[in-house]
J.: 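After the structure tokens below, expect a handful of questions from me.
Below, read A as the first sequence line, B as the second, and so on, with proteins coming before strands; counting in each chain starts at 1.
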Amino acid sequence: MIHNLFSHYLIDWNRNKNNRKMPWKGVKDPYKIWLSEIILQQTRVDQGLKYYENFIITFPTIHDLAKADEKKVFKLWEGLGYYSRCKNLIHTARVLSSTQNGQFPATYEDILKLKGIGPYTAAAIASFAFDLPHAVIDGNVFRVLARIFGIREPVDTTAGKKIITELAEKLLDKEHPGEYNQAIMDFGATVCKPANPDCEQCPFKSNCVAYKEDIVALLPVKIKRTTVRTRYFYFFLPQYRNALPVRERLDKDIWQHLYEFPLIEKEEETSSGAIVAAATKKGWIPKGTAVTVSPVYAQKLSHQLIKAVFISYRLAEKSGLFENYSWVKAAALNTLPFPKTITQYLNKAGNDH
DNA sequence: AATGCGGGGAC
DNA sequence: GTCCCAGCATT
């Protein structure tokens, strides 16, 4: 279909049919736009909404975020996933607070240089906050354009991304880039949905290649498959005078910057007897100590399946044990950010250590 | 170009 | 179970 007609139909749909409401919509404050965009990377609006509200209440300005204790920020991010987003959020807040008086740069190129901000987020901030003509290209845009323009090239390849990117930039309404960008994402989220799109109500019904050729469900084409690795985590929770050892996960691995208890990881499922024997050999469990072994807590990640078991026991003496860990009062554990698997265990009745 | 990084919701 | 979500950094 003709390119400027696409933008016309889209804007028309946005002004007459789009009922989607979100707290950051129409906002011009770059800080709020930035925060919402980081939270929403690979994250559904419904899931991110509460986090956005909590962040704005706790850190109303970029300076508030910049001077906050890192642990407190991670605690607020706890459960949202992709924790490098949080790390980069703090980093960029501090850079802008200390070197730019808390002001965001006002060009796409300068916004793109900031940590945690890629092409999508830079285009979103540039268009929403500064009315600059940069097209957002996210999962919605890939889907909407692939269907309406009948793009059969796989979108998760370099060639496919190039086609979509060039098309998106041509289609952008450069007079109303912010409204256009918001509209195409709202349209993808509410009408041209991944499953069961609302084609009968779609303003592009008579122009959509996928609809006319009855291949809506086949587009966009994606090739890559993810393989899932299973990992077995055995966490040890020794209690000494109502305190437990914890440490921050610092390796380049899942849950970086979240906290954990002493851990033995296995590639294969291991019996509780064998794992207790291994911990005893490491000196983590004094001989003859009675332990309580939890059921298996399974957590699915995109590329990993985590099967976690928690082994709790009491220590009469802690001298020489867990010296690389911090001993934290059980009642203070809820001030630390933990992976979902661990908070689930801690929040279960009877596990409140 | 490929891989790793969370957690949840829809089907 | 599978797919996908307002992606990005790293290698």
J.: Taking the same atom, C1', in dT3(B) and in dA6(C), what whole-Å distance lies between them?
T.: 22 Å
J.: Let me know the distance between CG of Asp156(A) and P of dT3(B), rounded to the nearest Å.
T.: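 For the pair Asp156(A) CG and dT3(B) P, the rounded distance is 12 Å.
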J.: Can you work out whether Lys222(A) or Thr121(A) has the more 5'-proximal nearest nucleotide on DNA chain C?
T.: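 Nearer the 5' end of the strand: Lys222(A).
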J.: Do any N or O atoms from the side chain of Asp251(A) and from the backbone of Asp253(A) form a donor-acceptor pair under 3.5 angstrom?
T.: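 Absent.
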J.: Within 45° of the axis and under 6.0 Å from the centre of the six-membered ring of Trp284(A), does NZ or CZ of Lys282(A) qualify?
T.: yes
J.: Under 4.0 angstrom, heavy atoms only, what part of the nucleic acid is Trp77(A) near: base, sugar-phosphate, or nothing?
T.: nothing
J.: What's the verdict on side-chain hydrogen bond (donor to acceptor under 3.5 Å, both in side chains) for Arg231(A) and Gln304(A), showing C-alpha distance, side-chain angles and the deciding distance?
T.: CA-CA 7 Å; Arg231(A) 302 168 72 179; Gln304(A) 299 184 22; 2.8 Å; yes
J.: Tell me whether Lys87(A) is salt-bridged to Glu70(A), with the criterion being a basic N under 4.0 Å from an acidic carboxylate O.
T.: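 Salt bridge flag = yes for Glu70(A) with Lys87(A).
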J.: Test Asn14(A) against Glu179(A) for side-chain hydrogen bond (donor to acceptor under 3.5 Å, both in side chains), laying out the working first.
T.: CA-CA 8 Å; Asn14(A) 186 52; Glu179(A) 182 183 5; 3.2 Å; yes
J.: Run the ring-centre check on Trp255(A) versus Tyr83(A) and record whether the distance is less than 6.0 Å.
T.: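 Between Tyr83(A) and Trp255(A), which both carry aromatic rings, the centre distance is not below 6.0 Å.
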J.: For DNA chain B, determine which residues of residues 133-146 of chain A have any heavy atom closer than 4.0 angstrom to one of its atoms, and list them numerically.
T.: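 Under 4.0 Å from DNA chain B: no residue of residues 133-146 of chain A.
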J.: What contact category does Thr157(A) fall into here, base, sugar-phosphate, or nothing, at under 4.0 angstrom with non-hydrogen atoms?
T.: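 It contacts nothing in the nucleic acid.
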J.: How many whole angstroms separate atom CG of Leu114(A) from atom C1' of dG7(C)?
T.: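 Going from Leu114(A) (CG) to dG7(C) (C1'), I get 15 Å.
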J.: Can you tell me the distance, in whole Å, between the NE2 atom of His257(A) and the C1' atom of dA9(C)?
T.: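 The answer, rounded to whole Å, is 13 Å.
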J.: In whole angstroms, how far is the P atom of dG7(C) from the CD1 atom of Ile39(A)?
T.: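 These atoms are roughly 13 Å apart.
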J.: Round to the nearest Å and state the distance from Leu49(A) atom CG to dA6(C) atom P.
T.: 13 Å
J.: What is the distance, rounded to the nearest whole Å, between atom CE of Met185(A) and atom C1' of dC4(C)?
T.: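 Taking CE of Met185(A) and C1' of dC4(C), I get 16 Å after rounding.
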J.: Is there a side-chain contact between Ser36(A) and Tyr51(A) in this structure, where contact means two heavy atoms from C-beta onward sitting under 4.5 Å apart?
T.: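 With C-beta onward as the side chain, the pair stays apart.
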J.: Expressed in angstrom and rounded to an integer, what is the separation of Lys87(A) atom NZ from dG7(C) atom P?
T.: 24 Å
J.: Nucleotide by nucleotide, 5' to 3', does protein get under 4.0 Å of the base (B), only the sugar-phosphate (S), or neither (-) in nucleotides 5-11 of chain B, counting heavy atoms?
T.: BBBBB-S
J.: Can you tell me how far C1' in dG6(B) sits from the matching atom in dC5(C), rounded to whole Å?
T.: 12 Å
J.: Does anything in residues 116-137 of chain A pair up under salt bridge (Lys or Arg N to Asp or Glu O under 4.0 Å), and if so which pairs, sequence neighbours excluded?
T.: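 Counting only pairs at least two positions apart or across chains, the salt bridge (Lys or Arg N to Asp or Glu O under 4.0 Å) contacts touching residues 116-137 of chain A are Lys28(A)-Asp131(A).
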J.: Should the ring pair Phe310(A) and Tyr345(A) be called parallel, tilted or perpendicular, given that the plane angle runs from 0 to 90° and is split at 30 and 60?
T.: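 Rings of Phe310(A) and Tyr345(A): parallel, as their planes differ by under 30°.
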